[in-house]
Amino acid sequence: MWRWTKRLAITGTFVALLAAIGLATAVFFASRSLPSYASLRESQQGQTILVRARDGSQIVELGPSYGQWLNSDEIPDVMKHAMVSVEDHRFYSHFGVDPAGLVRAVYNAISDDRQVSATSTITQQLARNVFLNSNRTLDRKLREAVLAMALEWRFSKEQILELYLNKVYFGGGAYGIDSASRKFFSHSARELSLEEAAIIAGLVKAPSRYSPTADVDAAVSRANVVVGQMVRYGDLDPAVARQVDVSAVNLSTTEGQNSIRYFTDWALPQLDLLLPNDTFEPIEVWTTLDVGMQRAATTAIQSSTPGDTQGALVSLDRDGAILAMVGGTDYVTSNYNRATDAMRQPGSSWKLFVYLAALEAGYTPDDRVQDVPVTINDWSPRNSGGTYAGEIDVRSAFAYSKNTVAAQLGNEVGFSNVASMARRFGITTPISTYPSMVLGTSEVRLIDMVRAFAAVSAGGRSVEPYGILRVTTADGEELYRHQAARTYTLVPDYVAAGITDLLQTAVATGTGRAADIGRPVAGKTGTTSTNRDGYFVGFSSGITTGVWMGMDDNSRVPGLQGGRAPAQAFAAFMRYAVRDRPVEEFDTDLQLPEWQLEPDDEFYFGEEDEDYYFYIDEQGNLVDPGGNRGRYGDGFDVEGEGENVRRDPLDPRGRYDETDEAPSPRSTQPSRPQPSRPQPEPPQAASDDFLERATGRSPTGDEQPR
């Protein structure tokens, strides 16, 4: 018996010796393969981005947050003691693996008939966080033990504790004590108090369960356990512990708005262009977003969109700074940004470009135009209700969104010129040149339409939307600062003044009356065919805002019109947005260029009170007023001309039901057989004489003196 016992002991000793040699060899080679201490410090994955509003307040933090790296002598002793006491109180005496703790865990498992509980030391946790995953397998635990001993072989206890405190995960994306301190207490970990250190140390066991932002009571209870452990292991005087009141700690509160993520999703990818490619350290991004306006915009969209309809809003300051951006009714439900990515038909808000082109070609708001039935290339636009006002001025035609007038103007100035005007004002999406394009059949992005209207607000000068003011490191070093973009004149001053006149009238007496906010507002409604899209874009006191509403699947929304819900959302937001800004009157005084002024010597065509310009032919030659020539030229019949013409009385009380029927491009194709007789040319929205005066030619074909 003794002989077998002796043999078993010798065999066991030999096996243990071989195992020890194998373990030592594994630890030796593992330590040789470990990265340097400097490399371990720099091995943070991902970049932390702290986003701030224009007033400096924090609005969101993205990416894994590592905070600032604190050297061992910068870390408060109370933080070290708290962590060691609760996580590994024999940290300074073991060699990476705690044999006593392992034996105790095995004994407890046998006596309580349960599995062996986790016994990871601080060094083992560091090895797992840096080199391994969290799988609960024997192979992973063995490799973790080897790496822990290799770390102890290679580095000092202070270095290991420094690495651990700067890398351990505390929940909410916070890695390291500095990140956790800034997240939960809004200050650096260098300033941690005993109570705050206890809260942070208590998070390691279960970050999600004990997070102060998730459950304050659980966090306080766990912190009191940490304080008790510190007293138990001699790291805290019991008399001091009795004075500790963890519940009195002031936790930082960040009021979140999930709609802000629409803005950050649009703005932050621009950092790839604004910052050097080798920027990996934590950064702070100062943006143009106004938190109050963002909240007002979110409320306006959520409260105004009918039923399950989606909505979007973009608001720009006069220099292009984005003050608010809402890409949908709820970011959590759908993070698709309808303000910047969705391409939808703008309806009659597109008429901005039609009338800009007409004003640039020589029209003025007071010029007379004809609201009559018209057919252009087999396309016959109609007004809301099928009524026509006959002869009206340009201002009224725009205010009441007369589709027939827009069609005639587009035909006269050229549909390609309207498209060019839209391009000039920042529309980047494809533009159709079918005649129906004047009613907004080309799909656009809301942010582009807001940019175009902002350029009008700026007096006809270009506006470039931007969302980032500056970028700094966590230490305050400035990496980027926004420089004002160079501006360009898009249209002359008198054209900008003329279109502003039209836009103001559209809100004051036309289809956009729901957008009135008690101060000067200029804007335009838009409603597409069968109420699939509702638009309103306008400006006041230097702020330009656009609102879109509709369904993502482009289905019909009964009752949706640009002059209703979108205009109401615009008004609700703008009342808040401009409340602290002075009232600004619009500059609508047209200082016409010399070529557009009527020279006195043209009175030779007739007496002062005669309507002389009705009596010249296409070449400018005088004709007999008593002749049989029609006003629009030979061969053109205007439906209903005479006593029975259908007219829209333009009710002086201002009531007008607008549905800006904007057919799809397919509507430009013939929908009925071609007539047997040749189609006449469509009527002009203004007389031939006006066009001759606008181009500076006399009735004889010669250039007029300037």
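- Between atom CZ of residue F398 and atom NZ of residue K351 there is a gap of 8.5 Å, rounded to the nearest 0.5 Å.
- Side-chain N/O atoms of T511 and S401 include no donor and acceptor closer than 3.5 Å.
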For side-chain hydrogen bond (donor to acceptor under 3.5 Å, both in side chains), just list the numbers for T428 and R445, CA-CA rounded to whole Å, side-chain angles, deciding distance to a tenth of an Å, and then say yes or no. CA-CA 8 Å; T428 58; R445 297 182 179 91; 3.2 Å; yes
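- Side-chain atoms of W69 and E162 form a donor-acceptor pair, as typed in the model, at a separation below 3.5 Å.
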Yes or no on side-chain hydrogen bond (donor to acceptor under 3.5 Å, both in side chains) for T528 and D533, after CA distance, side-chain angles and deciding distance? CA-CA 5 Å; T528 60; D533 300 273; 3.2 Å; yes
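- Expressed to the nearest 0.5 Å, how far CG of N337 lies from CE of M325 amounts to 6.0 Å.
- Distance check: Y466 OH to L316 CG gives 10.0 Å after rounding to the nearest 0.5 Å.
- Scored by the side-chain contact (heavy atoms from CB on, under 4.5 Å) test, T287 finds V51, I59, F263, V285, L289 as partners (sequence neighbours excluded).
- Side-chain polar atoms of T525 and Q561 form no donor-acceptor pair below 3.5 angstrom.
- In this structure, a donor-acceptor pair under 3.5 Å is present between the side chains of S57 and D55.
- Here the CG-CH2 distance, from L50 to W286, works out to 8.5 Å after rounding to the nearest 0.5 Å.
- Note that the CD1 atom of I75 and the OH atom of Y164 stand 12.0 Å from one another [nearest 0.5 Å].
- Listed here is the closest heavy atom pair of A297 and A324: CB-CB, 4.0 Å.
- Checked by atom type, the side-chain pair S540/R519 shows no donor-acceptor distance below 3.5 Å.
- For residues 447-463, the pairs satisfying salt bridge (charged side-chain N to carboxylate O under 4.0 Å, His left out) are R451-E464, with sequence neighbours left out.
- Inspection of the D178 and N166 side chains reveals no N or O donor paired with an N or O acceptor under 3.5 Å.
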